[in-house]
Amino acid sequence: MVMKADRTLDCVGLYCPMPIVKTSQAMMEMQPGEVLEVIADDRGIKSDMPAWASKTGNEFLGLKEDGDEIRVYVRKK
Amino acid sequence: MAEERKRGVTIVLFSGDLDRALAAFNIANTAAAMGLPVTMFFTFWGLGVIKKEEGRVGSGSWMKRAMNLIDRGGAKRLKLSRMNMGGVGTAMMKKLMAEHRMPSLGEMIAMADQLGVRMLACTTSMALMGLTEKDFIPQVREFAGAATYVSNALDSEVNLFI
């Protein structure tokens with residue numbers, strides 16, 4: 001999966017709830033349709049980001065794993 | 001979020017333990033980041049979590065003052081509910097959390113405020129413990145009783161007592 005992101009958020013080394021809180025804050029500054037890439041290494045994000053997106057009405061586009069690094073993509077609605 | 005059904009989270013923080021307070025703010029901040037209205041109601045020992053670090057020793061009878069002298073409260077002074085070991089365990093836990101770049105309780109409280117979490121202090125417990133509005137951190141803007149809490153809880157789907 002090749003994803004083009006409008007903005008990248010580095011959350012490597014951060015644990016719950018920080019990646020979600022930072023995602024929420026970043027999305028507030030973004031325009032509808034833009035894609036946010038979040039890089040994290042707390043595996044909880046694999047479940048948390050789709051959950052966050054479904055409850056906030058944003059679109060979870062998918063994730064990529066490379067070793068411990070997880071890249072997740074969400075589109076602002 | 002134009003759904004008709006009720007949404008939102010309320011948390012009663014009854015405990016003044018560091019670990020429980022961290023868990024409460026973790027959930028509150030996550031829910032707020034999910035766009036939900038969040039109300040935290042601090043009562044009994046939970047008031048210690050939102051007391052000013054530099055707070056005075058309360059007012060009123062010697063018993064009330066003694067209670068606040070023995071337990072000054074404030075986010076930095078809270079102890080773990082287990083393995084405190086005279087403060088050594090709590091210090092170790094804080095060190096581990098810092099090593100993992102986890103926010104401190106003080107940072108979690110500031111974050112909650114930024115995310116719009118409503119923080120209410122229980123006026124009944126305040127009276128019991130000789131505390132006034134001035135004894136609390138500025139993020140606590142509302143002082144209310146159980147009816148305010150229950151009213152919020154009825155409008156929310158998730159209601160926790162910690």
Side-chain angles (χ1 to χ4, degrees), chain A residues 5-63 67-77, chain B residues 1-11 13 18-38 40 75 93-119 139 155-160 162:
Chain A
D6 298 285
R7 186 166 165 178
T8 296
L9 197 58
D10 185 359
C11 292
V12 173
L14 299 182
Y15 293 86
C16 166
M18 295 314 298
I20 289 296
V21 170
K22 283 178 171 286
T23 296
S24 159
Q25 287 168 340
M27 289 289 256
M28 276 182 224
E29 296 159 6
M30 292 172 64
Q31 301 300 318
E34 287 187 329
V35 173
L36 176 70
E37 174 186 55
V38 183
I39 313 171
D41 58 354
D42 174 13
R43 63 183 307 282
I45 199 162
K46 295 200 282 182
S47 166
D48 284 3
M49 194 61 82
W52 177 85
S54 76
K55 294 299 174 213
T56 53
N58 295 292
E59 187 185 357
F60 177 72
L61 300 171
L63 62 86
D68 289 340
E69 200 177 81
I70 303 154
R71 288 170 186 259
V72 301
Y73 298 88
V74 275
R75 178 178 284 130
K76 176 155 175 162
K77 281 285 172 180
Chain B
M1 252 155 305
E3 293 173 45
E4 291 299 314
R5 67 194 184 90
K6 53 185 185 173
R7 297 190 65 177
V9 177
T10 73
I11 299 173
L13 188 55
L18 174 63
D19 38 13
R20 292 191 170 96
L22 282 167
F25 274 96
N26 192 321
I27 294 169
N29 290 348
T30 303
M34 292 174 90
L36 301 169
V38 181
M40 295 182 84
M93 185 62 79
K94 285 182 178 176
K95 188 166 189 297
L96 282 173
M97 285 177 58
E99 281 174 12
H100 285 85
R101 291 169 64 202
M102 289 176 185
S104 68
L105 181 57
E107 288 166 334
M108 293 284 266
I109 294 172
M111 204 183 301
D113 188 48
Q114 282 167 15
L115 291 165
V117 172
R118 271 179 82 190
M119 295 184 229
Q139 289 90 341
D155 291 335
S156 304
E157 259 182 338
V158 178
N159 302 295
L160 306 175
I162 300 175

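Computation of the quantities below employed the complete heavy-atom set of this structure, encompassing side-chain atoms and omitting hydrogens, waters and symmetry-equivalent molecules. We name chains A, B, ... by the order of the sequence lines, and we start the count at 1 in each one. As the structure is a prediction and not an experimental result, all values here were calculated from the model.
Pairing each heavy atom of Asn29(B) with each of Val21(A), the nearest pair is O-CG2, 4.0 Å. Between Thr56(A) and Ala33(B), the shortest heavy-atom contact is CG2-O, 4.2 Å.
Note that CE of Met102(B) and CG of Leu14(A) are 10.0 Å apart. Values are rounded to the nearest 0.5 Å. How far CE of Met34(B) is from CG of Asn58(A): 11.0 Å, rounded to the nearest 0.5 Å. Here Met111(B) contributes atom CE and Gln25(A) contributes atom CD; the two are 7.5 Å apart, rounded to the nearest 0.5 Å. The NZ atom of Lys55(A) lies 6.5 Å from the CZ atom of Arg7(B); values are rounded to the nearest 0.5 Å.
Shown here is Lys22(A), whose NZ atom has no more than 12 heavy atoms of other residues, nucleotides or ligands within 6.0 Å. Summarising the local packing, CE of Met30(A) is surrounded by more than 12 heavy atoms from other residues, nucleotides or ligands at distances under 6.0 Å.
Between chain B and the options Pro17(A), Gly13(A), Cys16(A), Ala53(A), heavy-atom pairs under 4.5 Å are most frequent for Pro17(A).
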